[in-house]
Undergrad: 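Here's a structure for you.
The figures here come from the full heavy-atom set of this structure, side chains too, leaving out hydrogens, waters and symmetry mates. Chain identifiers are assigned alphabetically (A, B, ...) following the order of the sequence lines, protein sequences preceding nucleic acid strands; residue numbering begins at 1 within each chain.
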Amino acid sequence: MPELPEVETVRRGLLSAMEGQVIKAADIRRPDLRWPFPENMAKRLTGAKVTHLRRRSKYILADLSTGETLIIHLGMSGRMLISGDETAKFYQPHTAIQKHDHVVLDMQNGARITFNDARRFGAMDMAQTAELEAHWLLAKLGPEPLGNDFNEPYLVDRLKGRNTPIKTALLDQQIVAGLGNIYVCEVLHRAGISPKRKAGQIAKERISTLVPIIRVVLSEAIEAGGSSLRDHRQTNGELGYFQHSFCVYDQEDQPCVTSGCEGKISRIVQSGRSTFYCAQCQR
DNA sequence: ATGTGTTCCTGTCCGC
DNA sequence: TGCGGACAGGAACACA
């Protein structure tokens, strides 16, 4: 799925078509994604103005004039595509419904937002905006990696005593919210830390280096429009291009790009997920 | 409380 | 070509 940079790319792409605009009609084409859609979702969306379009971790949050917020998660394969937006830099005409188009929002300004998700690991829910932070999907999330609450003392403290590998710890959304498999691999490579090292056994000076590296990697990826491997698309259908900057992810058997390193990228499996790293320069 | 493995679902790719 | 198995940007859940 989209990790934080991909979700942020999608949010930015949706801004001009959605923020400040009224939802004219909502077509909910099946009863559920990962979970059932909320009661009367179409009715609750119709006629509402989107006052703000925000992001929390990997969730897109559309605050509505009705006092509710639409919560959107893209899962592994979710896309949001815009058509019919006259103000768009790259105009896309409407197309016929495609396979796996599950939700279609028609805006008063003529723009259409289509949520497409082949694997249906995505989700949508609605909640009172004032009570959003208590929503079960959001309540336990850790701090935003690009925000001030995520800092060196915080991370050192949260990893203290943890017996799980650092790779697994950084994937834990309760520790830091927004990293996924790609960016954790890339971050650990830049930090020169082995993904296998127990989180609680890494010197605090080394843990501290992770904070700025996480910020830089995510920021660079957002700048690049995210990473498109299989599913991720920007809202105009364009690919992201951060995948061309991968040092380790999906680079099994490639030579390590660290200057002076003679190593080769390995793939291992941790907690059921692929980890890519260089055993030579990541210790 | 922490750590690990399974599960949801569809599509694609690789080897035989 | 066809078929089976592995694998895919996530994360809730069940269990040790």
Undergrad: Using a heavy-atom distance cut-off of less than 4.0 Å, which residues of residues 225-241 of chain A contact DNA chain C?
TA: Ser227(A), Ser228(A), Leu229(A), Arg230(A), Asp231(A), His232(A)
Undergrad: Applying salt bridge (Lys or Arg N to Asp or Glu O under 4.0 Å) between Arg55(A) and each of Glu3(A), Glu6(A), Glu144(A), report the one that passes.
TA: Glu144(A)
Undergrad: Using the P atoms only, state how far dC9(B) lies from dC3(C), rounded to an integer number of Å.
TA: 23 Å
Undergrad: Could you give the CG-to-C1' distance, from Leu33(A) to dC9(B), as a whole number of Å?
TA: 11 Å
Undergrad: My understanding is that a pair needs two contacts under 3.5 Å, Watson-Crick or G-U wobble. By that rule, which nucleotide pairs with dC9(B)?
TA: none
Undergrad: Can you classify the ring geometry of Phe246(A) versus Tyr183(A) as parallel (below 30°), tilted (30 to 60°) or perpendicular (above 60°)?
TA: perpendicular
Undergrad: Restricting both atoms to N or O, compile the protein contacts to nucleotides 3-7 of chain B shorter than 3.5 Å, with distance only.
TA:
{"unit_1": "dG3(B)", "atom_1": "OP1", "unit_2": "Asn163(A)", "atom_2": "N", "d": "2.4"}
{"unit_1": "dG3(B)", "atom_1": "OP1", "unit_2": "Thr164(A)", "atom_2": "N", "d": "3.0"}
{"unit_1": "dG3(B)", "atom_1": "OP2", "unit_2": "Arg162(A)", "atom_2": "NE", "d": "2.6"}
{"unit_1": "dG3(B)", "atom_1": "OP2", "unit_2": "Arg162(A)", "atom_2": "NH2", "d": "2.8"}
{"unit_1": "dT4(B)", "atom_1": "OP2", "unit_2": "Thr164(A)", "atom_2": "OG1", "d": "3.2"}

Undergrad: Which nucleotide in the list dC9(B), dA11(C), dG11(B) gets nearest to the side chain of His100(A)?
TA: dG11(B)
Undergrad: Please tell me which of the listed nucleotides, dA8(C), dG10(C), dA11(C), lies nearest to the side chain of Phe121(A)?
TA: dG10(C)
Undergrad: Are Gln98(A) and Thr114(A) packed together at the side-chain level, in the sense that at least one heavy-atom pair is separated by less than 4.5 angstrom?
TA: no
Undergrad: Rounded to whole angstroms, how far apart are CG on Asn181(A) and P on dA8(C)?
TA: 8 Å
Undergrad: Could you give me the CA-CA distance, side-chain angles and deciding distance for Thr69(A) and Thr129(A), then say whether side-chain hydrogen bond (donor to acceptor under 3.5 Å, both in side chains) is met?
TA: CA-CA 5 Å; Thr69(A) 295; Thr129(A) 307; 2.7 Å; yes
Undergrad: From CD of Gln173(A) over to P of dA11(C), roughly how many Å is that when rounded to an integer?
TA: 5 Å
Undergrad: Would you check if Arg79(A) and Leu74(A) make a side-chain contact, meaning some heavy-atom pair closer than 4.5 Å?
TA: no
Undergrad: Please give, in whole Å, the distance from dT10(B) C1' to Arg30(A) CZ?
TA: 11 Å
Undergrad: With the side chain counted from C-beta on, respond yes when Leu132(A) and Arg56(A) share a heavy-atom pair under 4.5 Å apart, and no when they do not.
TA: no
Undergrad: Determine whether Met126(A) and Leu45(A) make a side-chain contact, defined as any pair of heavy atoms from C-beta on separated by less than 4.5 Å.
TA: yes
Undergrad: When the nearest nucleotide of DNA chain C is assigned to Val269(A) and to Arg273(A) on a heavy-atom basis, which residue is associated with the more 5' position?
TA: Val269(A)
Undergrad: Take atom CD1 of Ile72(A) and atom P of dG10(C), then tell me their distance rounded to the nearest Å.
TA: 18 Å
Undergrad: Rounded to whole angstroms, how far apart are CD on Glu6(A) and P on dG10(C)?
TA: 9 Å
Undergrad: Mind listing the N/O atom pairs, protein and nucleotides 13-16 of chain C, below 3.5 Å?
TA:
none

Undergrad: If the cut-off is 4.0 Å, is Arg267(A) near the phosphate of dC7(C), judged by side-chain N/O to OP1 or OP2?
TA: yes
Undergrad: Leu64(A) and Thr51(A): which non-hydrogen atoms are nearest, and at how many Å?
TA: N-OG1, 4.1 Å
Undergrad: Are the side chain of Ser227(A) and the backbone of Phe242(A) linked by a donor-acceptor contact shorter than 3.5 Å?
TA: no
Undergrad: Nearest whole angstrom, please: distance from the P of dC9(B) to the CZ of Phe115(A).
TA: 16 Å
Undergrad: Side chain of Ala118(A): nearest nucleotide among dA11(C), dA8(C), dG11(B)?
TA: dG11(B)
Undergrad: Quick check: any donor-acceptor pair below 3.5 Å linking the side-chain of Arg119(A) to the base of dC9(B)?
TA: yes
Undergrad: Could you state the atom-to-atom distance from CD of Glu3(A) to P of dG10(C) in whole Å?
TA: 5 Å
Undergrad: Within this structure, what is the NE2-CG distance for the pair His73(A) and Leu138(A), rounded to the nearest 0.5 Å?
TA: 9.5 Å
Undergrad: Measure from the side-chain N and O atoms of Arg158(A) to the backbone N and O of Ala169(A), and report whether any donor-acceptor pair falls under 3.5 Å.
TA: no
Undergrad: Using salt bridge (charged side-chain N to carboxylate O under 4.0 Å, His left out), reason through Arg190(A) and Glu186(A) one step at a time and then give a plain yes or no.
TA: CA-CA 6 Å; Arg190(A) 281 205 206 187; Glu186(A) 294 299 318; 5.7 Å; no
Undergrad: Measure from the side-chain heavy atoms of Lys58(A) and tell me the nearest of dC9(B), dA11(C), dA8(C).
TA: dA11(C)
Undergrad: Of the options dG11(B), dA11(C), dA12(C), whose atoms approach the side-chain atoms of Leu137(A) most closely?
TA: dA12(C)
Undergrad: dA8(C) phosphate, OP1 or OP2: any side-chain N/O from Ser77(A) under 4.0 angstrom?
TA: no
Undergrad: How far apart are the C-alpha atoms of Lys24(A) and Asn109(A), what are their side-chain angles, what is the distance that settles it, and do they pass the side-chain hydrogen bond (donor to acceptor under 3.5 Å, both in side chains) test?
TA: CA-CA 9 Å; Lys24(A) 189 172 72 180; Asn109(A) 58 6; over 6 Å; no
